[in-house]
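One structure below.
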2 protein chains.
Amino acid sequence: MDGTTAYPTIRDIAARVGMSKSLVSLALQDSPRVAQASKAAILSAAEELGYRRNAAARALVAHRTRTIGVFLLDLHNPITADLVAAVQEEARRRGYQTIVVVGGDSATERAEIVKLLEFRVEGIVAVGHRLPAGGREAITSTCPGVIIGSEQTGVPDLLSISNDDAVGARLAVEHLISLGHTRIAHVTGGRSLVARRRRRGYEQAMRDSGLGAEVSCHDGDFTDEGGHHGAWAALTSGRPPTALFVVNDFAAFGAMAAVVDLGLRVPEDVSVVGYDGTRLSGLRALSLTTVVQPLESMGSQAVAHLCSRLDGDDASPKKRIRLTPSLVARETTAPLRTAEHEGA
Amino acid sequence: MDGTTAYPTIRDIAARVGMSKSLVSLALQDSPRVAQASKAAILSAAEELGYRRNAAARALVAHRTRTIGVFLLDLHNPITADLVAAVQEEARRRGYQTIVVVGGDSATERAEIVKLLEFRVEGIVAVGHRLPAGGREAITSTCPGVIIGSEQTGVPDLLSISNDDAVGARLAVEHLISLGHTRIAHVTGGRSLVARRRRRGYEQAMRDSGLGAEVSCHDGDFTDEGGHHGAWAALTSGRPPTALFVVNDFAAFGAMAAVVDLGLRVPEDVSVVGYDGTRLSGLRALSLTTVVQPLESMGSQAVAHLCSRLDGDDASPKKRIRLTPSLVARETTAPLRTAEHEGA
DNA sequence: GTGAAAGCGCTAACAT
DNA sequence: ATGTTAGCGCTTTCAC
């Protein structure tokens, strides 16, 4: 049950076709220096023997792995899947492989990052709202890194790719205003950087629209529960809002539930806007209006950056890329009902 | 920008502390044969130099990688995350590492499986409703495999771990019956094996409860849209059901939307039961009654099986493990309203 | 066009 | 307790 010995080696192939192992190696790389006939023989022998290249051996001698490590902070976040797909796609296009590891507690995170390093990945793409534990060390050693979804400052050699939360928040607010809403409250995501940016974007957009006096924030977090909590607080306040801009989609789902729990309806009584553009937001039963992040572009730019650094194009000393989000209007937002209809 | 040379080797450590590289190797493995003093010196030198073990080199010589490959068919499926967590946890507990790859189109699937083999993983856990392209070859070569979530027949040396769909379907039907429902329709998932099992389980449970005459199936699939379609068909049929058992959670969400689109309410007019127990089903805005699969147990048993085979315990020639699901009653199911109240 | 030989970083006998 | 040596599977000069 030895994991390796059962595999045939180039030596086995060589023996079978009666040539040297160097020739076999050349043939396997499709080198033009090998005669067509020999190449064919070698290839078919390899096939018959069920030969598989040994990644360890070739990495050892080639001094490179052409592999990019992908670290996932949270597999449960639905945007992770799209990001991984984009990263994988772009890496393949550029001739790199990816291996992905998934975080857990902080010890696991550290261990997984170390594993990536031991595999000698040539670059690391971290996906998540923060750097993995041990991520800093990883980056400050030889391997370049990119973090998607967070903005780490003060980590040299680390590029952060994110969407422009200020723009996204503005998009949400302006959408609501265009629908006639003025009493627009915000359910926050706590004190994380992303949450604070969205909050500031909301406040700024409100002020810019002359609605500075209507600014109203309620504590929540990035979860269903947090959204429910924040929305509940907003709607039971002295001056309940007619619209809610919630820090992310999951929390927005919680907010929708809170509206219903209070005997109100979405969107007739309260409009709700989320953030992220997760696939879930498109579910018919939810159909959430939300700000969508350009995930595909974020993923491919991460790989593009890594590859250009690996190719020695040091002409990209960027520390941050902020992409522009967009808004998808669905069924949780509707024009404000006028006072006459409301009977209020 | 060479991925490897920048890393210090045991030779560098040896030079720095003035000992031989074998001693360094031993010390790094925490061998008792090394003097405490030397060990300390070596460890601190390694630390200072930023030494990282070279996985390729040690795999090459050790003839084993202690690594299990995890193949993910669909990252978007929310149950994938829980399964991965369970697999990873169990592997770590047993001293194995995991590396995960993610499928895409069939060429990608094949490539990713090959990659796993080239890494010389000692076993493969595939997660998904079917085998990855190239999976069959992977298994029939030296590496043992387990597939979670599907039941592949006719692939030797492949264990499939799944939940017992017949039991799950029965749980759903009996729950509905206990609530007083008799007109219980099923929204199917198409012709896949899992879909057929759930359908048969539904039919059998209905018959066993003397409701054979009420059996009513409507075509859907495993998506939001498919569920909406099937539920619509069921509810607009000549004899509309008062309860729906839907093939999976996603489709159940679509079914919930269909109920609403028809001007009816969940659960007052129509009860809905899903399948899988995805986290989403717990969202307050959805709060779906569903059959939950024992994901943690499925993941850990997969690894347990692999490890026992790797340790030579050939005493487990199992081809299939079926675990028992359970039902979580939430807010999409309610007692049948009696005729008087219905006014029908 | 083909083969021989060196060596990647490491482990594991086998010496000392 | 520590050093020497061989060799894992492969790529890559360098000869022939």
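Just so we're clear, the structure is a prediction, and the values are computed from it rather than from any experiment. Throughout, protein chains are lettered first and strands after them, A, B, ... in sequence-line order, and every chain is numbered starting at 1.
Considering only side-chain N and O atoms, A/Arg33 lies nowhere under 4.0 angstrom from the phosphate OP1 or OP2 of C/dG1. At C/dG9, none of the side-chain N or O atoms of B/Arg11 fall inside 4.0 Å of OP1 or OP2 (strictly under the cut-off). A close approach under 4.0 Å does not occur between any side-chain nitrogen or oxygen of A/Tyr7 and OP1 or OP2 of D/dC8. A sub-4.0 Å separation between OP1 or OP2 of D/dC10 and a side-chain N or O of A/Gln29 is absent. Between B/Ser25 and C/dT11 there is a side-chain N or O to OP1 or OP2 distance below 4.0 Å.
Judged by closest nucleotide on DNA chain D, B/Ser22 is the one of B/Ser22 and B/Ala57 placed further toward the 5' end.
What separates CG of B/Asp30 from P of C/dA12 is a distance of 14 Å, to the nearest Å. Between the CZ atom of B/Arg58 and the P atom of C/dC8 there is a distance of 19 Å, rounded to whole Å. Distance, B/Asp12 CG to C/dC10 C1': 13 Å, rounded to whole Å. For the pair A/Leu26 CG and D/dT11 C1', the computed distance is 9 Å after rounding to whole Å. Atom P of nucleotide D/dT11 and atom CD of B/Glu118 are separated by 10 Å, given to the nearest angstrom. Separating the CG atom of A/Leu23 from the P atom of D/dT12 is a distance of 15 Å, rounded to the nearest angstrom. Atom-to-atom, CZ of B/Phe119 to P of D/dG9 comes out at 18 Å; the value is rounded to the nearest Å. As a whole-Å value, the separation of B/Lys39 NZ from D/dA1 P is 10 Å.
With a 6.0 Å cutoff to the six-membered ring centre and a 45° limit on the axis angle, A/Arg66 counts as a cation-pi contact of A/Tyr96.
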Point to revise | Trace of the salt bridge (Lys or Arg N to Asp or Glu O under 4.0 Å) decision for A/Arg58 with B/Glu118 | key: CA-CA 10 Å; A/Arg58 69 195 336 237; B/Glu118 294 184 350; 5.7 Å; no

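With contacts defined as side-chain heavy-atom distances shorter than 4.5 Å, the pair B/Asp157/B/Val155 does not qualify.
For B/Ser150 (side chain) and B/His129 (main-chain N/O), a donor-acceptor pair under 3.5 Å exists by modelled atom type.
Closest to the side chain of A/Leu60, from the set C/dC8, C/dC10, D/dT11, is C/dC8. Side-chain proximity of B/Ala35 to the nucleotides C/dG9, D/dT2, D/dG9 is greatest for D/dT2. Counting only heavy atoms from C-beta on, B/Ser20 has its side chain closest to D/dT4 among D/dC10, D/dT4, C/dG3. Side-chain proximity of B/His63 to the nucleotides D/dG9, D/dT11, C/dC10 is greatest for D/dG9.
Within 3.5 Å, a donor on the side chain of B/Lys21 pairs with an acceptor on the base of C/dT11, or the reverse.
A/Phe119 and B/Phe119 have their aromatic ring centers within a separation under 6.0 angstrom.
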